[in-house]
K.L.:
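Pasting a structure here, questions to come.
To find a chain, count down the sequence lines: A is the first, B the second, and so on, and within it residues start at 1.
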2 protein chains.
Amino acid sequence: MSAHGRLSQEILAQTALALADDEGVESVTVRRLAQRHSVTPMALYRHFKDKDEIFDSLAERLLASVAIPAPDRRPWHEQTHDLLTAFVAALRPHPNAAGLILGRILDSNPGLVVAERMLVLLTEAGFGVEAAAETASQALCSVVTLVVTEPGRRRGADAEARDDAIRAKKATLTALSPRHYPHVVAAANALASCSSEEQYYARGIRMIVAGIRGIQAALETAVA
Amino acid sequence: MSAHGRLSQEILAQTALALADDEGVESVTVRRLAQRHSVTPMALYRHFKDKDEIFDSLAERLLASVAIPAPDRRPWHEQTHDLLTAFVAALRPHPNAAGLILGRILDSNPGLVVAERMLVLLTEAGFGVEAAAETASQALCSVVTLVVTEPGRRRGADAEARDDAIRAKKATLTALSPRHYPHVVAAANALASCSSEEQYYARGIRMIVAGIRGIQAALETAVA
DNA sequence: ACCTGAACACCGTTCAAGT
DNA sequence: ACCTGAACACCGTTCAAGT
C-alpha cells in the first residue's frame, strides 16, 4: 500500500473492524493500524484526535450496517421484533467489536436513526417519554449483550482454538460437584456453547420483545 | 504498608476493585496495583499467573457479594425477581467493574451458585435444560448490562465531571434536528441520565422477568 | 496538507538474582 | 517462600521537522 492520500476515517475504521474481527479489540492499537497501512503511527492523528475516536468510528460503522426495516401497518411488537432482528444480524458477524457499541448508540447519526425508530415504536405502544427512553436503551443494549455473550464464542480465536475452549469448558462444568451444582452440571453443554445459534438468537429476541410487552401491559392496567 | 507477607489474591482483588471504582478498569494495571502495596510489579506474579487472573478474582469477589435470597414458597417469577434484584444491588456500587463479570459467571464458585439458583427457578417454571441454560445466561447478562449502561454514568469520573458530561450530552441531543430525530430530542433528558435510579432498575428488572414469563407462556402453549 | 522521526511516560511479562 | 532489579517488546501521545 502506498502512503499517499490513502488514509481516511472510513478506511481506518474499516481496518480497525477487520483487526478486531481477526484478533479481538485489544489488538486494535494505533501502531498496528498504522502498520496495516504501511504508515507511521503518527499519520493516524491527522484523522483521529485519539484512540477513542477510532473506536467511535468503528461503532458508527457497525451501526450504519443495520438494515432498518421500513415501517408498515403491522402491530408495534412485530415491527420491534424485526428491528431487533436486523440489529442482531448486523452485529453477529462482528462479535469481538459489538461491545464497543454499548455506550455509543447516541453518539453517531446511524445510531440515532436506530434509537429514533425504537422510540417511535414504543410511542405507538403507548409508552411515555421517559419509559420509552429507558426501555429503548435497555432493549438495544440487551441485544448487543446477546451477541457479546453468545455462549461458546472466544474473542479473536480461530475455529480450532474455539473448539478447544468449548471442550475444556464443558469438561470443567461436567466435572463440578453434582451435589452443589446439579442443574449446572446437567446443562453443561448448553452453557458452554449453543447447539443452534439461530435458536439462541430467536429465543433471545423473543424474550426481549416479551419483556417490553410485559412492561406495556403494566402501563395499561395502571391507566385503567 | 510493609512488603512482607502482606500480599494475597484476596487483598489484591480488593485493591483492584477499589482502583476500578476510583478511576475505571483501564486504570487497573499490574504496576499501579503493585504501587498501592509499595511493592515491585513482579511481586504480584507470585499470586497471579497473569493480569487476566486479577480480573477473574475481581469478578469472583463481586459475584461473592450477591446476597442470594433464601428459596421460599412463592411462585418462581417472584423469587426470580428478588434474585435479580439482589444481583443488581451487589453490582450497583461498582459500575466500572461490573462489565468484567460478563464472560466470567461460570468461572468461579460464587458465580456458579448464582447460576445454579437461576437454573433451579427456571426449571420450576417448566423450562427444559437447554432453554433454561440460555435463558438464565441472558437474564444474568442483561442485568449486568443494566448496570454497565446506566444512563448518565461516566467511567471513573468524579461527581462534577459526571454532571458536566450529562449536561453536555443533553445539550447535544436537544440540539439535534427535530425533523430527523423528533423522539430522541423529546427524550433527550431521559436518554442522558436517569431521573430516578430506583425507577430505572425496578423497570429494568421487571422487563427481564416479564421476558422470561413471555418465553415460558410460549413453552406451555407449545406443549398444549 | 499530510506524513515522518525521535522522544516520553507508560504497559505486561521474562529471567536471573537476592534474602 | 517471597520479593527485587534489570531488561524486552509493546503501548498512546507530544513535539518539531520534513516535503
K.L.:
Could you give the CD-to-P distance, from B:Glu53 to C:dT13, as a whole number of Å?
P.N.:
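About 10 Å, once rounded to whole Å.
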K.L.:
Closer to the 5' end of DNA chain D via nearest nucleotide, is it B:His47 or A:Val28?
P.N.:
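Final value for this comparison: B:His47.
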K.L.:
Is there a side-chain contact between B:Cys194 and B:Glu150, using heavy atoms and a 4.5 Å cut-off?
P.N.:
yes
K.L.:
Counting side-chain heavy atoms from CB outward, which of D:dC2, C:dT13, C:dC3 is closest to A:Val39?
P.N.:
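Selected nucleotide (nearest to the side chain): C:dC3.
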K.L.:
Whole-Å distance between C:dG12 P and A:Glu26 CD?
P.N.:
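Between P of C:dG12 and CD of A:Glu26: 14 Å.
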K.L.:
State whether A:Asp22 and A:Arg32 are salt-bridged, where the test is any N-O pair (Lys NZ or Arg NE/NH1/NH2 against Asp/Glu carboxylate O) under 4.0 Å.
P.N.:
no
K.L.:
Between A:Lys51 (NZ) and D:dT14 (P), how many Å, whole number?
P.N.:
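It works out to 14 Å between those atoms.
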K.L.:
Applying the Watson-Crick and G-U wobble criteria at under 3.5 Å, what pairs with D:dG12? Answer none if nothing qualifies.
P.N.:
C:dC8
K.L.:
B:Leu33 CG to D:dC3 P: how many Å, rounded?
P.N.:
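Result: 13 Å.
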K.L.:
List the atom pairs, with distances to 0.1 Å, where a side-chain N or O of residues 110-119 of chain B and a protein N or O form a donor-acceptor pair under 3.5 Å, not counting sequence neighbours.
P.N.:
{"residue": "B:Glu116", "atom": "OE1", "partner": "A:His183", "partner atom": "N", "Å": "3.1"}
{"residue": "B:Glu116", "atom": "OE1", "partner": "A:Val184", "partner atom": "N", "Å": "2.9"}
{"residue": "B:Glu116", "atom": "OE2", "partner": "A:His183", "partner atom": "N", "Å": "3.1"}
{"residue": "B:Glu116", "atom": "OE2", "partner": "A:His183", "partner atom": "ND1", "Å": "2.9"}
{"residue": "B:Arg117", "atom": "NH2", "partner": "B:Gln79", "partner atom": "OE1", "Å": "3.0"}

K.L.:
If you only use heavy atoms from C-beta on, which nucleotide in D:dC11, D:dT13, D:dA7 is closest to the side chain of B:Arg31?
P.N.:
D:dA7
K.L.:
For D:dA1, what is the paired nucleotide under Watson-Crick or G-U wobble rules, both distances under 3.5 Å?
P.N.:
C:dT19
K.L.:
So, is A:His37 near the phosphate of C:dC3, with a side-chain N or O under 4.0 Å from OP1 or OP2?
P.N.:
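No, A:His37 has no side-chain N/O under 4.0 Å of OP1/OP2 on C:dC3.
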K.L.:
Could you check which of D:dC11, C:dG12, D:dT4 has an atom nearest any side-chain atom of B:Thr29?
P.N.:
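Of the options given, the side chain of B:Thr29 lies nearest C:dG12.
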K.L.:
Compare the minimum distances between each of D:dG12, C:dG12, D:dT4 and the side chain of A:Tyr45, then state the nucleotide with the smallest one.
P.N.:
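Closest nucleotide among those given: D:dG12.
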K.L.:
Between C:dC2 atom P and A:Leu12 atom CG, what is the distance in whole Å?
P.N.:
13 Å
K.L.:
Let me know the distance between CZ of B:Arg32 and C1' of D:dC11, rounded to the nearest Å.
P.N.:
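For the pair B:Arg32 CZ and D:dC11 C1', the rounded distance is 16 Å.
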K.L.:
Just compare C:dC3, D:dA7, C:dA6 and give me whichever is closest to any side-chain atom of A:Met42.
P.N.:
C:dA6
K.L.:
Tell me whether A:Glu10 at atom CD has more than 12 heavy atoms from other residues, nucleotides or ligands lying less than 6.0 Å away.
P.N.:
no
K.L.:
Within this structure, what is the CZ-to-C1' distance between B:Arg46 and D:dT4, rounded to whole angstrom?
P.N.:
11 Å
K.L.:
Are side-chain heavy atoms of A:Asp52 and A:Arg104 found at a separation under 4.5 Å?
P.N.:
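Counting from C-beta outward, A:Asp52 and A:Arg104 do come under 4.5 Å.
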K.L.:
Mind calculating the distance between CZ (B:Phe55) and C1' (C:dC11) to the nearest angstrom?
P.N.:
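Going from B:Phe55 (CZ) to C:dC11 (C1'), I get 12 Å.
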